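What follows is a short report on a single structure.
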Amino acid sequence: VHNQVKNAHLGSGLDFRHAFWLATAGGARALGIAQQVGTLEVGKQFDALCVDVSAGGIIDLWPEDGPETWFEKWCNLGDDRNILKVWVKGRCVKDSAHRTTPASML
């Protein structure tokens, strides 16, 4: 993936897979913090979202869609209505069924 992202400017465009890599592992690498964040690995900080693509918004789901298509649609069309939970440094800071933790408490 890294070589594909590195050469994306050569006319091949930037698809949702590359954008996601840049926003996670690639961003962590660029900032020099890839040992702490960027991927879901044992020993790294748990920063994650729980997403439900059917939870509102403008995303149309079809019977032939699968998980990769759902993810692509969320990357392109999703918004905060699709985010059920948010974890930062292993702590749940947003739970759609509960109150959100103020950022000042992180």
Side-chain angles (χ1 to χ4, degrees):
V1 173
H2 175 66
N3 288 335
Q4 293 170 340
V5 172
K6 182 179 171 185
N7 296 321
H9 68 283
L10 299 177
S12 61
L14 184 66
D15 72 2
F16 72 99
R17 291 174 204 87
H18 297 146
F20 182 73
W21 183 85
L22 288 169
T24 56
R29 184 184 298 174
L31 294 171
I33 57 173
Q35 295 298 320
Q36 294 88 32
V37 298
T39 59
L40 298 176
E41 295 179 63
V42 174
K44 291 189 176 186
Q45 292 178 15
F46 185 67
D47 297 334
L49 303 175
C50 176
V51 175
D52 181 352
V53 293
S54 66
I58 60 170
I59 300 173
D60 290 324
L61 302 175
W62 305 102
E64 61 272 11
D65 291 345
E68 186 172 346
T69 302
W70 300 334
F71 181 66
E72 179 180 13
K73 288 181 177 186
W74 180 76
C75 286
N76 290 304
L77 301 169
D79 60 33
D80 61 321
R81 293 172 287 186
N82 303 111
I83 299 173
L84 302 182
K85 293 185 179 187
V86 178
W87 290 269
V88 177
K89 296 182 181 179
R91 182 174 177 187
C92 185
V93 296
K94 177 188 176 184
D95 186 334
S96 60
H98 300 93
R99 291 182 8 178
T100 302
T101 302
S104 61
M105 296 181 66
L106 297 177

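This one's a predicted model, so the numbers in the text were calculated from it and none came from an experiment.
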message = Taking transitive links into account, so neighbours of neighbours count too, which hydrophobic residues share a cluster with Leu40 at under 4.5 Å side-chain distance?
response = Phe46, Trp87

ask   = If you link I, L, V, M, F, W and Y whenever their side-chain heavy atoms are under 4.5 Å apart, who else ends up in the same group as Trp62?
value =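 Hydrophobic cluster check, Trp62: no partners found.
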
inquiry  = Tell me whether Gln36 at atom CD has more than 12 heavy atoms from other residues, nucleotides or ligands lying less than 6.0 Å away.
reply    = yes

message = List the residues meeting side chain to side chain contact (heavy atoms under 4.5 Å, CB included) with Asp79, not counting sequence neighbours, and say none if there are none.
response =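 Listed in chain order: Arg81, Asn82.
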
Within residues 30-39 or reaching into it, pairs that qualify as salt bridge (Lys or Arg N to Asp or Glu O under 4.0 Å) - sequence neighbours excluded =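 Those involving residues 30-39 do not exist here.
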
key: ring pair (Phe, Tyr, Trp, His ring centres under 6.0 Å): pairs with one or both residues in residues 22-45, sequence neighbours excluded   =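 Residue pairs with at least one partner in residues 22-45: there are none.
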
For residues 70-77, tabulate all N or O donor-acceptor pairs below 3.5 Å that involve a side-chain atom, not counting sequence neighbours.
residue : atom : partner : partner atom : Å
Lys73   : NZ   : Asp60   : O            : 2.6
Lys73   : NZ   : Asp65   : OD2          : 2.6
Asn76   : ND2  : Glu72   : O            : 2.9

Can you hop from [X] to [Y] via hydrophobic side chains spaced under 4.5 Å?
| X | Y | value |
| --- | --- | --- |
| Val37 | Phe20 | no |
| Val88 | Leu31 | no |
| Val93 | Leu84 | no |

key: Considering all heavy atoms, the nearest Ala28-Gly38 contact   =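 Minimum heavy-atom separation between Ala28 and Gly38: CB-CA, 3.8 Å.
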
task = Not counting sequence neighbours, which residues clear salt bridge (Lys or Arg N to Asp or Glu O under 4.0 Å) with Lys44? List them please.
result = Glu41

Interatomic spacing from CG in Asp15 to CH2 in Trp21 - rounded to 0.5 Å = 13.0 Å

query = Atom CG in Asp52, atom CD1 in Ile59: separation rounded to 0.5 Å?
reply = 9.0 Å

ask   = How would you list, by chain and number, every residue that makes a side chain to side chain donor-acceptor pair (under 3.5 Å) with Asp47, sequence neighbours excluded?
value =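 If we apply the side chain to side chain donor-acceptor pair (under 3.5 Å) test to Asp47, skipping adjacent residues, there are no hits.
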
